[in-house]
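Numbered from 1 within each chain, the chains take letters A, B, ... in sequence-line order.
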Amino acid sequence: MWSPGVTPDARIDITAEVCPMTFVRTKIALERLPIGGVLEVRLKGDEPLRNVPESARDLGHTVLALEPRDDGTWCLLLRREGPQC
Amino acid sequence: MLTEPQIQRYARQLLLRDVGERGQEALGAVLVEVALPDDVAAAAAAYLRAGGTEVHGPSIAGSPWAPTPPLLESSPPRRLDVVAAPAVPERSGVIVGSDAGRVVLWSLGETGCRACLLDRARGLAPPDVRTGVQVGSLVALLVQRRALGLASPIEGLEVSPGGETSTLAARPCPHRPPVVPEAVLRALLDHLTSALPDEGCAVLVGREDHVRLVPMENAQAAHHARDPAAFPRTARTAFSLEPRAWLGLLREADRTGERVLAVAHSHPDGGTHFSGEDRRWAAPDGQPLLPGVAHLVVAFSGGRPRTARWALWSDGDFLEIDCPLPSGS
Amino acid sequence: MLGATVIIGMGGLGCPAAVALARAGASRLTLVDGDVVETSNLHRQPLYGPEDVGRAKVEVARERLARAFPGLELETWTRRIGREDVEPLLARHALAIDGTDSVAAKFLLSDSVARTGTPLVSGGVVQWGGQAMRIDPGGACLRCLYGTAPREDEVPTCARAGVLGSLAGVLGALQASLALAPPSPAGRSTLHVVDGRSLRFRTLTVRQVSGCPGCGARA
């Protein structure tokens with residue numbers, strides 16, 4: 001499903017969370033990766049869809065892809081950028 | 001790694017860019033010992049514990065705050081002291097005192113200069129606080145900044161009786177020699193060597209992050225030749241900076257936003273002790289001629305630099321600190 | 001001495017403001033908040049502990065304040081106030097403190113100052129920063145400062161929903177100090193801005209804007 005060559009280093013599923021825990025989980029998962037690491041986030045709902053990619057960008061991380069899935073959820077691919085905390 | 005209960009408790013703090021998981025762990029890695037008046041201590045402890053930092057201090061009976069211990073997985077390895085003037089923290093910590101009705105807070109970190117803190121804290125009376133919640137939460141803020149690694153080596157705040165807060169200005173530290181890169185130090189030694197058998201002299205100019213050498217000519221020889229009665233010593237045993245060269249250097253430094261960091265000279269056949277003559281030159285009438293400027297003396301023997309020492313003005317006298325020389329000099 | 005004061009919102013700002021006022025000798029406080037304590041509140045609302053999760057905030061606050069300040073008269077409202085409650089509530093108090101977390105509520109309170117004659121200490125905290133401003137009848141209001149109210153859906157994203165607890169303490173305590181201070185000079189208000197990240201504290205003078213719909217300044 002992803003562009004060839006992009007394998008996530010870690011995956012999280014935040015479909016059961018509400019804001020702001022959606023982004024808390026995402027932020028922690030990103031911070032645990034080395035710089036350049038890729039995180040796959042499974043999410044659903046309007047609010048996380050708007051907020052999570054934008055919040056990640058706010059912190060300087062890169063949105064690699066955001067794709068809908070057949071079951072109504074979405075898959076967000078994020079690359080962790082520096083500085084290393 | 002944080003546990004699930006910690007993530008739930010500290011979620012809204014974890015969202016801060018400057019905190020995150022590592023920051024939250026850093027908040028939990030410090031144990032704060034608080035010795036302040038009750039209502040200030042209570043507020044400081046309440047906010048620190050709420051934020052995930054363990055606090056020890058006098059038992060605060062009658063306080064309105066919830067006695068919520070922080071969620072920690074292990075004992076904090078580091079300690080930080082919060083004290084009331086005239087006490088001063090032994091290492092990293094915060095001092096709270098009063099000065100003419102204002103409450104003054106100073107925070108010192110591991111890399112901060114304790115002599116600078118003592119200078120600032122001198123004359124602070126024990127804290128007389130009317131705004132306990134204000135001062136207590138400011139203490140918590142300073143401690144959290146320190147624990148998170150966001151604070152300057154020394155930072156200070158002042159609170160008026162009406163609760164208005166302002167930052168206290170930092171000043172360059174006069175108690176530590178400037179950090180001189182090896183290349184600059186070697187260039188200095190070469191210059192001093194070239195002046196032998198006379199005393200050589202030079203000036204170090206720059207900012208905290210960047211230092212450059214300005215080699216100078218020892219004007220003592222010219223002074224002695226012109227007026228041996230007024231200048232009985234020769235360039236063998238004394239040095240003098242040529243006034244025009246000195247002024248030119250100051251003007252140039254002003255232009256580039258730098259300042260004079262140090263004056264260096266050599267003792268061709270002597271020790272590195274900042275001699276009586278050296279002291280009289282540097283502080284005639286008991287006051288430093290060049291406040292904020294460090295002095296460096298390099299001792300030569302057999303034509304080669306052997307040892308060096310800094311002399312820094314502190315508290316009415318010169319403090320002497322060894323200056324290691326690069327190997328092979 | 002300060003007359004009866006109402007604190008609208010007993011969250012990050014309301015908690016320290018209430019304690020600071022009580023310590024300063026306030027005799028009557030009214031606490032208003034419709035929310036219950038949640039786990040994510042605890043890091044910045046230190047009147048509440050983990051054992052209080054699920055209980056009404058004003059009930060917990062009342063217990064803790066009553067125990068620490070026996071002479072203090074406390075009234076509590078365990079519901080979120082509506083538009084129709086605001087003016088009567090302000091009218092029967094000597095001063096109000098804004099501890100709310102919504103833009104709409106802040107502007108509603110600010111607009112009520114001129115209509116009720118009750119001064120308000122407005123305030124807000126987000127991430128590492130915060131602001132507080134005392135709005136007196138005849139002084140500059142939030143609309144003089146901001147122009148029109150921002151739309152309600154301009155809510156910060158999750159990333160910006162972080163807040164440092166100690167900073168909320170600083171702002172709430174500042175609100176209490178402003179409540180105890182003399183009223184602002186006519187036609188003006190002072191905006192206090194705190195930045196806990198750069199450790200800077202600034203004040204700015206806000207002048208009444210003529211024709212302002214919020215405070216009714218003469219056009």
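By the 4.5 Å heavy-atom criterion applied to side chains, B/Glu164 and C/His192 are counted as neighbours. Side-chain contact between C/Pro46 and B/Thr68 is absent, with no heavy-atom pair separated by less than 4.5 Å.
The closest donor-acceptor contact from the side chain of B/Arg12 to the backbone of C/Ala161 lies under 3.5 Å. Without hydrogens or angle criteria, B/Arg145 side chain to C/Arg197 main chain gives a donor-acceptor distance under 3.5 Å. The closest donor-acceptor contact from the side chain of B/Thr167 to the backbone of C/Leu199 lies under 3.5 Å.
Rounding to the nearest 0.5 Å gives a distance of 14.0 Å between OG1 of B/Thr165 and CZ of C/Arg202. With rounding to the nearest 0.5 angstrom, the OG atom of C/Ser177 is 5.5 Å from the CD atom of B/Gln134. Once rounded to the nearest 0.5 Å, the distance linking OG of B/Ser63 with CZ of C/Arg67 reads 9.5 Å. Here C/Ser166 contributes atom OG and B/Leu48 contributes atom CG; the two are 7.5 Å apart, rounded to the nearest 0.5 Å. Rounding to the nearest 0.5 Å places CH2 of C/Trp128 at 6.5 Å from CG of B/Leu141. Atom OH of B/Tyr10 and atom OG1 of C/Thr39 lie 11.5 Å apart (nearest 0.5 Å).
Heavy atoms of C/Ala181 lying under 4.5 Å from chain B are absent altogether. Only the backbone of C/Ser198 comes within contact range of chain B, with heavy atoms under 4.5 Å apart. Contacts between B/Leu14 and chain C at a heavy-atom distance below 4.5 Å are absent for every atom of the residue. With a 4.5 angstrom heavy-atom cutoff, B/Pro67 touches chain C only via side-chain atoms.
Comparing B/Gly163, B/Ala43, B/Pro64 by heavy-atom pairs within less than 4.5 Å of chain C, the highest count is held by B/Pro64. Ranked by heavy-atom pairs shorter than 4.5 Å toward chain B, the options C/Leu171, C/Leu174, C/Leu167, C/Val163 are led by C/Val163. Of the listed residues (B/Leu142, B/Leu157, B/Asp18, B/Val135), the greatest number of heavy-atom pairs within a distance under 4.5 Å of chain C belongs to B/Asp18.
Around atom CZ of C/Arg80, no more than 12 heavy atoms belonging to other residues, nucleotides or ligands sit under 6.0 Å away. Crowding of B/Arg114 atom CZ: a count of heavy atoms from other residues, nucleotides or ligands under 6.0 Å exceeding 12. Within a 6.0 Å radius of CZ in B/Arg122, other residues, nucleotides and ligands contribute more than 12 heavy atoms.
Residues C/Gly165 and B/Gln13 share a closest heavy-atom pair of N-OE1, 4.0 Å. Minimum heavy-atom separation, B/Gly62 to C/Ala68: O-CB, 3.3 Å. The nearest pair of heavy atoms linking B/Ala50 to C/Leu42 is CB-O, 3.5 Å. Scanning all heavy atoms of the two residues, the minimum distance from C/Val170 to B/Ser137 falls at N-OG, 3.3 Å.
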